[in-house]
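Order of the sequence lines sets the chain letters (A, B, ...), proteins ahead of strands, with each chain counted from 1.
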Amino acid sequence: MLLKRNTLINSFKKYIYQEIVKSLNDLDIKRPESEFSLSSPKHDSFGDLSSNISMILAKSLKENPIDIANRIKNNLIEKKIDNIEDITVTPPGFINFVIKATFYQNQIKSIIKYGNSFGKDRIGKGKSANVEFVSANPTGPLTVGHGRNAVIGDTVSNILEWHDYKVTREYYYNDAGKQMRVLAKSVESRYFDLINKPSEFPEDGYQGEYIIDIAKEIIQSFGKNLHKNDSVFLSEAERVIFKQIEDSLKKLNIKFDTFTNEKSFYDSGAIEKLLSELKDKDLIYEKEGATWYRATSIGGKQDKVYIKSTGEPTYRLPDTAYHKDKIIRSYDLIVDVFGADHTDTYPDVLSALNALGLKTDHIKILIYQFVTLIRDGEKVKMSTRKADFVTLDDLLNELGIDIVRYFFIMRSMNSHLDFDLDLAKDQSDKNPIFYLQYAHARICNIIKHGEGQGFKFSDNFDPSILNDENELKLIKLMSNFPIIMHTALETLEPQNIANYLQSLATYFHKFYGTCKVITKNKELTQARLGLIFSTKIILSTGLSILGISAPEKM
RNA sequence: GCCCCGGUAGCUCAGUUGGAUAGAGCACCGGAUUUCUAAUCCGGGGGUCACAGGUUCGAAUCCUGUCCGGGGUACCA
């Protein structure tokens, strides 16, 4: 099938596409090797769908593309294609299709009929997905960067769920490594400070205020007689911090299904087993007291250390065992959400798995770039070690869930994110999230107002009378929702949805400016109620996928 | 040095995976409210898509090189 992926879901496009192919047959033109497009042009003046078929054929046919286009056009016109109002040819050789308004108008009925399932292609039905995100070790409160991770991961999960995937949200952590030892030492040191005993704060210790709070809690619960290296320092620190992390995530309305501890792969012998499997493939060797992974033999740039000369493994080894485990759990799709600092880490993991004969095509790694906070027009400096950072909690307390979630996904994850606190905090029309939510609230208010005037929404209306320019634009945009969702599924990039909803809100507000819904014209009122009702459905569906509320009133 | 991401309006960013005349928001200027919510709408100015080549009917988009910013870089994850 030469059809472009995006267009597959739209059966009407598929139909037109086939009609073009048939015309080629009729005209005795050989179908081109490369695929041709059929997509919405940027400008409405070119119609609703345009194809580049004749430009692609021009070379092999040695014929002017406009002439080819006209031949195809004439053949198509003769055949009288359903739902096509007009076909035009424009330079340099596009064939443009104008779709009948009724085709779009009828979509409103579909939206109302299918509600928040409108446009679902249920591609994930019967399939499972695992989305691993956040995965911060419990060494301190979640930061702004983790926030971006959390919101991307959860929204991606929502996108998958909307397509009927069964999604497991998974949090992976390590409470046994060096980081945690330093954490315990930091708490221990603060503990002895508080009870006026000599202590030594570790060189790379965690300097945040929260460490002192944990030490205070330990004094409360365990008294002042703890000795150095007591395991309580670690266990309490982990317990308290994990509680904090879960609370922060809860405030973002994020709930994990599984927490997986790196330690479990040591306990189960999985790591041992992985090592011996790799050894059998001659991918492991010893050098300078360390154990190395021979990445170079499978196309890697350089060999990597698996076990340090201190006897402690690097992250690669358990990470590979963990991913192997996820593969064995046989998900149809495995998604990892990593920060840009992890860019270099995953290729080794994947290559080791491949070397063991495991398929990794269904593992999708999403890398997001860093977040910079902007306050008063200036970058907020952040140092993790000194705990000189704004936490995710601070952000949530200051801004609330809707704004935080929206700001984290409104930009492409490939781009560095400038999080403008002043804009986010602004409760006025400058803030893009309100623009969106206001559209929804406005619709709710009109519906309410209509009820006060004796109009009740009913699906029994005639959509063909919705012929105002702003009505048609709104209707056409809503018809595009399935394509947007399909793109979001393929790319796993939530900002597509955010951008789409912004345009939808724009088109609605424009409609509102020119068309009054509740009028004395009963038939028109019912039709327009149908229109705004379906707009409300798309808006609230999109917002709920983004994890943002759709207020009835503002 | 090498690898990854980015460079588009004064600022922050989109750009449907190669299409036609480059798009928003903010900021700036001017207008609209006896109205279903003005958290809105309408109009205006503002561009060498970092730069230079290449690929082709056609490039912000793909390839090569250069410059700038961010991240990583072999026993920290």
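Stacking of A:Phe370 onto the six-membered ring of B:rG70 is not present when judged by under 5.5 angstrom between centres and under 30° between planes. An aromatic stacking contact between A:Tyr435 and the base of B:rA39 is absent, as defined here by ring centres under 5.5 Å apart and ring planes under 30° from parallel.
When heavy atoms are screened at a 4.0 angstrom cut-off, A:Tyr306 is found touching no nucleic acid atom at all. Using a 4.0 Å heavy-atom criterion, one finds that A:Ala58 contacts no nucleic acid atom at all. Nucleic acid contact for A:Thr491: base, since at least one base atom lies under 4.0 Å from a heavy atom of the residue. At a threshold of 4.0 angstrom between heavy atoms, the contacts of A:Thr314 are confined to the sugar-phosphate backbone, with no base atom among them. If you check every strand for non-hydrogen atoms under 4.0 Å, A:Asn96 touches a base. Note on A:Pro313: only backbone sugar-phosphate atoms sit closer than 4.0 angstrom, heavy atoms only; bases stay farther off. Using a 4.0 Å heavy-atom criterion, one finds that A:Asp341 contacts the bases of the nucleic acid, with or without backbone contacts as well. Note on A:Lys59: only backbone sugar-phosphate atoms sit closer than 4.0 angstrom, heavy atoms only; bases stay farther off. Residue A:Lys510 is classed as a sugar-phosphate contact, given heavy-atom separations below 4.0 Å to backbone atoms only. Here A:Arg411 lies in heavy-atom contact (under 4.0 Å) with a base. A:Asn414 comes within 4.0 angstrom of sugar-phosphate atoms only, judged by non-hydrogen atoms across all strands, and of no base.
What you find for A:Asp348 and A:Ala295 is that their closest heavy atoms are OD1-CB, 4.4 Å.
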Give every donor-acceptor pair under 3.5 Å between a side-chain atom in residues 417-424 of chain A and any protein atom, sequence neighbours left out.
unit_1, atom_1, unit_2, atom_2, d
A:Asp420, OD1, A:Asp422, N, 3.0
A:Asp420, OD1, A:Leu423, N, 3.1
A:Asp422, OD2, A:Asp376, N, 2.6

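Distance check on atom C1': B:rC26 versus B:rC63 gives 36 Å, rounded to whole Å. Atom C1' of B:rC49 sits at a distance of 13 Å from the matching atom of B:rA14, rounded to the whole Å. B:rC11 and B:rG72 have their P atoms separated by 26 Å, with the value rounded to a whole Å. Taking atom C1' on both B:rC28 and B:rU35, the two are 29 Å apart, rounded to the nearest angstrom. Nucleotides B:rC13 and B:rG18 are separated by 22 Å at their C1' atoms, to the nearest Å. The C1' atoms of B:rC57 and B:rG23 are separated by 26 Å, rounded to the nearest whole Å. Comparing the P positions of B:rC29 and B:rU66 gives a spacing of 45 Å, expressed to the nearest Å. Between B:rG46 and B:rG58, the distance separating the two C1' atoms is 27 Å to the nearest Å.
The cationic atom of A:Arg442 (NZ for Lys, CZ for Arg) lies less than 6.0 Å from the six-membered ring centre of A:Tyr512 and within 45° of the ring axis.
Taking the O4'-C1'-N9-C4 or O4'-C1'-N1-C2 dihedral as appropriate, B:rU17 has a value within 90° of 0 and is therefore syn.
The phosphate of B:rA38 (OP1 or OP2) has a side-chain N or O of A:Arg442 nearer than 4.0 angstrom. A sub-4.0 Å separation between OP1 or OP2 of B:rG23 and a side-chain N or O of A:His43 is present. For the OP1/OP2 pair of B:rA38 and a distance below 4.0 Å, the side-chain nitrogens and oxygens of A:Tyr512 include at least one atom meeting the criterion.
Within the 6.0 Å centre-distance limit, the rings of A:Phe242 and A:Tyr171 are counted as a close aromatic pair.
Between the side chain of A:Ser50 and the base of B:rA20, a donor-acceptor pair under 3.5 Å is found.
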